[in-house]
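Order of appearance sets the numbers: ligands from 1, and atoms from 1 within every ligand. None of the values given here were measured: they were computed from a predicted structure.
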Amino acid sequence: MGGIGESAYAKLYAGWRADPEAFWAQAAEAIDWIEAPKSIFDRNAGVYGRWFVDGVCNTCHNAVDRHVATRGDQAAIIYDSPMTGAVERVTYRALRDEVATLAAVLRDRGVEKGDRVIIYMPMVPQAVFAMLACARIGAIHSVVFGGFAAKELAKRIDDARPKAILAASCGLEPGRVIAYKPLLDGAIALSDHKPDFRLILQREQGPCAIDPAHDLDWRSEIEAAKAAGREADCVPVAATDPLYVLYTSGTTGQPKGVVRDNGGHMVALKWTMKNHFDVDPGETFWAGSDVGWVVGHSYIVYAPLLHGCASILYEGKPVGTPDAGAYWRVIAQHGVAALFTAPTAFRAIRKEDPEAKLLRKYDLSRLRTLFLAGERADPDTVKWAEAVLGVPVIDHWWQTETGWPIVGNPVGVGLLPVKHGSPSVPMPGYDVQVLDEGGAAAGPNVMGSVVVKLPLPPGCLPTLWQADERFRESYLSAFPGYYATSDAGFIDEDGYLYIMGRTDDIINVAGHRLSTGGMEEVLAAHPAVAECAVIGVKDALKGEVPCGFVVLKSGVSDAPAAIEKELVGLVREKIGPVAAFKLALTVPRLPKTRSGKILRGAMKKIADRDEWSMPATIDDPAILGEIEQALKGKGVI
Ligand code: COA
Ligand code: AMP
């Protein structure tokens, strides 16, 4: 491995390779166990083996209670909301009290170990209390991002079958209040499963009507529980019991329920805080994401708290709340040591303030490192961030499924040379390889499918929620013995990985993972649409945006422009605003192979203005010209 051969990282990685169980047994010592695991990895358990099968633990204890004695008055959560003007510091002691009380409310209302609880909330401290309260009593939370519409929420309700739903009355987006209650009511009307109750947090920016038959008022329940001195203790759970299920886009409209367990998750996340992110207990860590995404689960909530850090919970945007200096203000005001966000946030800041003039107003001296993930970190943005911040900018690559970095630059172990365009090298735990279509190893610098040799390390998904077979089909069947990441890329002669894009129909819009297949399902359901194809088109701000091509049924008399508008509205209504679906184009025909497969790749190349050549298998070459015309007509190219 060229330049990294003698590095501390190389030694660490070689040590893991030589004895993975010893590596993880040692990492597990950083966790408070109720019963320490004797078995580190059981290859006969679960779909591909399970970690720490006989360990007994509680994640809430490790994230909250264990810190009260040593750092009770230190901030655990710093809630900073330019949307409301609030800045609140929640200490570890206060966090314990809030979480223990909420956990008692849930338990007193019948939520038990193993029950699912859906959390549909914006970036407010109560969302974090809710996650930890579930962890405390062994209930399995499933957080649904606020930008999803009722139908998406309904799909998750039917799959998770929650006993309770915890929601806020509204979320706040710049210039508008998102009323959550109608979305929640709509979702429950659509779903077959009905939760026993809903606990609703009223926000003064947009209160909602409470339905006494189904809804409980969050604050009154908490006040009553506090008055009665009700608190719930941390319950022992098996290390392999699920902590949460987080739904993520699959290749169809049916999301995948990624399962995260308790023991392995704690061990892995705790390990990353020092070794990858180089942050010490007591320091302030900021993941500029949302609790609805995996980055929010891992690096707003669990990892920083497991490590005894103060974690920033930011309800705002990189720009417009109030300006492109918002991130600098938060870093300076709270003394952030490490920031983790998506490249799109930096593209947005750069677009508004190309010379970073606003940065000069703030003291960023405590910021040591910027971490970027969630989508490809384009070298241009990385270089700009390096220049304006004067700190290392570290790209790292992972997925909802893994819960923590697969490939990164382990700053705490020892910073490796940064290569722009590459998230660097595999973390211990991951044997990352690139395979060709036949499953043979691709040589250095040769593109192929990026896979991880089984078993996956602690913290990664052991399976999909109640869907072992779908898990096998989705991830394990393409390359037996390996987990298929569905990313394509190559490894260079120094062992650095380059991720070049997905091999399935997932696209990445502003760091948000979306399924074009799911959008096609919505478009195809419109009565005027005969067939359709959705592709991701390059976008200077969001990385990619979706673009839908539709062929109308013969005899449709409505104007194409009117139908296109309806289709845009339909995706927003069925999937949600987060899909950022604003481009629908009617075309006479779709380009296909002679066997009838839609040539999405060729359409994408044209839309991205990449070089393209006529696919040899195309049925009618003239159709790609029609696609080009349609894109020109809309000003896309
Ligand atoms: N609830 C309701 N609606 C939401 C929402 C939420 N929680 N989050 C986003 N939306 C809406 C937005 O308001 C927008 O609506 P619009 O079509 O009416 O404008 C739409 O969903 C698309 O959102 P987004 O793609 O985020 O675009 P944006 O223009 O609002 O913001 C950025 C662009 C770059 C500023 C924003 O994406 C951002 O801050 N990204 C930072 C990193 C990040 O969050 N990464 C995610 C995981 S690491
Ligand atoms: P998510 O599950 O939402 O985290 O999305 C995971 C997908 O985002 C990966 O499979 C990649 O396609 C993409 N991705 C995440 N991080 C990176 C990165 N650092 N570089 C390139 N692509 C990334």
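- The protein does not reach atom 14 (C) of ligand 1 closely, with no heavy atom under 4.0 angstrom from it.
- Residue contacts with ligand 2: Thr400 is placed with a nitrogen or oxygen under 3.5 Å of a nitrogen or oxygen of the ligand (distance criterion only).
- Side chains of Thr272 and Tyr299: a donor-acceptor N/O pair is present below 3.5 angstrom, by distance only.
- The closest heavy-atom contact to atom 18 (O) of ligand 1, among the options Glu315, Arg513, Arg572, Glu173, comes from Arg572.
- Between Ala373 and ligand 2, a contact under 3.5 Å exists for no N or O pair.
- Taking a distance limit of 4.0 Å, we find that atom 32 (C) of ligand 1 is approached by no protein heavy atom.
- Short contacts between ligand 1 and Gly147, defined as distances under 4.0 Å to a heavy atom of the residue, involve ligand atoms 1 (N), 2 (C), 3 (N), 4 (C), 5 (C), 6 (C), 7 (N).
- Considering only non-hydrogen protein atoms, atom 5 (O) of ligand 2 sits nearest to Arg513 CD, 3.6 Å.
- At least one protein heavy atom sits closer than 4.0 Å to atom 11 (C) of ligand 1.
- The closest approach between a heavy atom of Trp293 and any atom of ligand 2 is not below 4.0 Å.
- Counting heavy atoms closer than 4.0 Å to ligand 2, residue Val295 contributes nothing at all.
- Those atoms of ligand 1 with a heavy atom of Arg176 less than 4.0 angstrom away are 13 (O), 15 (O), 18 (O).
- One option in Met121, His512, Glu352 has a heavy atom closer to atom 44 (O) of ligand 1 than any other, and that option is His512.
- Evaluated by nearest non-hydrogen atom to atom 24 (P) of ligand 1, the leading choice among Arg347, Lys582, Lys542 is Lys542.
- Taking the six-membered ring for Trp and thresholds of 30 and 60 degrees, Phe277 and His396 have ring planes more than 60 degrees apart, a perpendicular arrangement.
- Closest heavy-atom approach to atom 21 (O) of ligand 1 within the set Pro174, Gly171, Gly146, Pro577: this belongs to Pro577.
- Heavy-atom proximity to Ala345, at under 4.0 Å, picks out these atoms of ligand 1: 41 (C).
- The nearest non-hydrogen atom to atom 11 (C) of ligand 2, considering only Val407, Leu497, Asp487, Ile499, comes from Asp487.
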